[in-house]
J.: 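Once you've had a glance at the structure underneath, I'll fire off some questions.
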Amino acid sequence: MTHTTGLTTVALASDTTKQVGVKFPGAQRVTQVVDVPPGMTVREFLTALHIWGTHDLRNACPERPDLGCAGSLFKRIEDGDLLYASPILDTS
């Protein structure tokens, strides 16, 4: 699948994936459109974006904001969701 929206695309698209937009609040990084295959975990998703261990992932949809870090991300999102990858703040 080809995107002409000016957003960066990550991974490969297929009929069995869900596409989500990922925004990076506070960063000078463009919104990315990412394909999420069945079974992909939050950890795998953040690792693919090279931000595992430094960012939390939340859904912009108020009914499903918390994505956690265990289990399948694919099951917790809908095609077309907008996700926020926010830096983890050190409060110590």
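Heavy-atom basis, side chains included; hydrogens, waters and symmetry copies ignored.
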J.: Does L89 sit in a hydrophobic cluster with other residues, and if so which ones, taking ILVMFWY side chains as linked at heavy-atom separations under 4.5 Å, directly or through other members?
T.: none
J.: Could you report the tightest heavy-atom contact between P25 and P87, atom names first, then the distance?
T.: O-CD, 3.9 Å
J.: Quick one: do L49 and V22 satisfy side-chain contact (heavy atoms from CB on, under 4.5 Å)? Show the steps, please.
T.: CA-CA 10 Å; L49 294 172; V22 183; 4.2 Å; yes
J.: Got a second to check how far S72's OG is from E44's CD, nearest 0.5 Å?
T.: 9.0 Å
J.: If I take atom OH from residue Y84 and atom OG1 from residue T31, how far apart are they, to the nearest 0.5 angstrom?
T.: 9.0 Å
J.: So, do I88 and D56 sit near enough that their side-chain heavy atoms are less than 4.5 Å apart?
T.: yes
J.: Once side-chain hydrogen bond (donor to acceptor under 3.5 Å, both in side chains) is applied, do any residues pair with D81, and if so which ones, sequence neighbours excluded?
T.: N59, R64
J.: Rounded at 0.5 Å granularity, tell me how far CG in D35 sits from CE in M40.
T.: 9.5 Å
J.: Could you tell me if the side chain of I77 sits less than 4.5 Å from the side chain of L83, heavy atoms only?
T.: yes
J.: Are Q19 and D79 linked by a side-chain donor-acceptor pair shorter than 3.5 Å?
T.: no
J.: Show the numbers, then the answer: is there a side-chain contact (heavy atoms from CB on, under 4.5 Å) between F24 and V30?
T.: CA-CA 7 Å; F24 302 87; V30 298; over 6 Å; no
J.: In Å and rounded to the nearest 0.5 Å, what is the NE2 to NE2 distance from H55 to H50?
T.: 13.0 Å
J.: The criterion is side-chain hydrogen bond (donor to acceptor under 3.5 Å, both in side chains); which residues satisfy it with R29, sequence neighbours excluded?
T.: Q32
J.: Between K18 and F74, is there a donor-acceptor pair closer than 3.5 Å when you use the side chain of the first and the backbone of the second?
T.: yes
